[in-house]
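Everything below concerns the one structure shown next.
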Amino acid sequence: MTPPTLDSLDWLRPNLLGSTKMVGVMGWPVEHSVSPPMHNAAFRHLGLDWAYVPLAVRPAEMPEAVAGLRALGFIGANATVPHKRMLYDLVDELTPAARAIGAANTLHIRPKGLLGHNTDAAGFQRALREADMPPEGRHALVLGAGGAARAVVYALATSAASVTILNRTPEKAEVLADAMSAAPASASIEAGPLDRKTLSRYATRADLVVNTTPLGMWPQVERSPWPQDLPYPREASCYDLVYNPRQTQLLRQAQAAGAAISDGLGMLVHQGTEAFELWTQQPAPVEVMRAACEAVLET
Ligand code: ATR
């Protein structure tokens, strides 16, 4: 994906006035973030005097950056990789989701202090509902055990799904399963290796498969966490967190088997709608935000 040009995306630019309320995204790098156009499109659509700016912050300078945002009167910010863990350590208070996931992707700067929240989990829950893949009472196979998997497993466990985490490094899956077993309302959480034998054992009883690995993401577009010679289970809906490209090899396999599929755009949009609503205290214009993301991803 090449960075979008301002000419092609003029409708997503912020208008800055002296009264403008400021939010932004801290990343390193931050050039490819779709959050500025997504949030600015929402502010413009609702006629809000707000602006969302990219903030290139070196990891070692996160403490100064967060203190600076507070001093500059920002309402809040998002944090992308690699800043989510650091933001978690820098706030005064954490939401239950951020605490359980061990990372904060959203900062809310309030008079009484800094609140760290994680909107990835609720964003994933909203995306699942939108895709008509309700997790309650279902058995989910989560592929991968990194940062994204933590939010996904928390979201599933708090939605009363039973979860099996499969990872190339099975020890990491076990650590994650142990950490998430304390999540409120959690059903069982198991762990295992991400290999052909284990996938074929679980395939028959999975209702939902969630890919949190980068396999299938640009530039690994030909790769899939599901072996080509293992039939994908028709009954298992497939949610791939990857949105670049939107049609991954895994989704092609699932679709060919007749399973319901969803790409990762919904989670991307809804981690944003959750943050928008936390800051502005008003419902996010979901379709406007989705259209802005699509416009950026298509450039
Ligand atoms: P993120 O924060 O985006 O989740 P991450 O923390 O780097 O990224 O996690 C990436 C996940 O994808 C990990 O579970 C990783 O497996 P390992 O724990 O064994 O490293 C998994 N992953 C990455 N590349 C992979 C590959 N080629 N095959 C299988 N799994 C892979």
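Note that ligands are numbered from 1 as they come in the structure, with each ligand's atoms numbered from 1 the same way.
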- Can you find an N/O atom of G144 closer than 3.5 Å to an N/O atom of ligand 1? no
query: More than 12 foreign heavy atoms under 6.0 Å from CZ of R234: is that the case here?
result: no
Per-atom filter on ligand 1: closer than 4.0 angstrom to a heavy atom of A148 are 1 (P), 2 (O), 4 (O)
Per-atom filter on ligand 1: closer than 4.0 angstrom to a heavy atom of K172 are 17 (P), 18 (O), 20 (O)
Self-check item: Electrostatic pair R201:E190 at N-O distance under 4.0 angstrom
Solution: no
When distances are taken from atom 17 (P) of ligand 1, the protein heavy atom at minimum range is T169 OG1, 3.5 Å
Logged contact type for L215 with ligand 1, heavy-atom cut-off 4.0 Å, is side chain
- Query: Would you call K112 and D92 a salt bridge, using N to O less than 4.0 angstrom?
  - Reply: no
Short version for N167: what comes under 4.0 Å of ligand 1, heavy atoms counted, is side chain
task: Return yes when at least one protein heavy atom is under 4.0 Å from atom 7 (O) of ligand 1, and no when none is.
output: no
If we only count N/O pairs under 3.5 Å, is A145 in contact with ligand 1? yes
For R223, the ligand 1 atoms with a heavy-atom partner under 4.0 Å come out as 27 (N)
For atom 23 (C) of ligand 1, the closest protein heavy atom turns out to be P214 CD, 3.4 Å
query: W279 vs H39 aromatic rings, parallel, tilted or perpendicular, using cut-offs 30° and 60°?
result: tilted
- Query: Could an N or O of ligand 1 be found under 3.5 Å from any N or O of Q220, whether backbone or side chain?
  - Reply: no
of all protein heavy atoms, closest to atom 25 (C) of ligand 1 is R168 NH1, 3.3 Å
Looking only at protein heavy atoms, what sits closest to atom 5 (P) of ligand 1 is G146 CA, 4.0 Å
message: Regarding N78 and Y52, do their side chains bring together a donor and an acceptor under 3.5 Å, going by distance alone?
response: yes
Would a hydrophobic clustering, with Ile, Leu, Val, Met, Phe, Trp and Tyr connected at side-chain separations under 4.5 Å, put L251 with M217? no
When rounded to the nearest 0.5 Å, the distance separating CZ of R223 from CD of Q249 is 11.5 Å
Checklist entry - In the single-linkage hydrophobic clustering (I, L, V, M, F, W, Y; side-chain heavy atoms under 4.5 Å), do L230 and L166 co-cluster? => result yes
closest protein heavy atom to atom 2 (O) of ligand 1 is G147 N, 3.2 Å
Fit a plane to each ring of H139 and Y202, take the angle between them on a 0 to 90° scale, and name the class: parallel (under 30°), tilted (30 to 60°) or perpendicular (over 60°). tilted
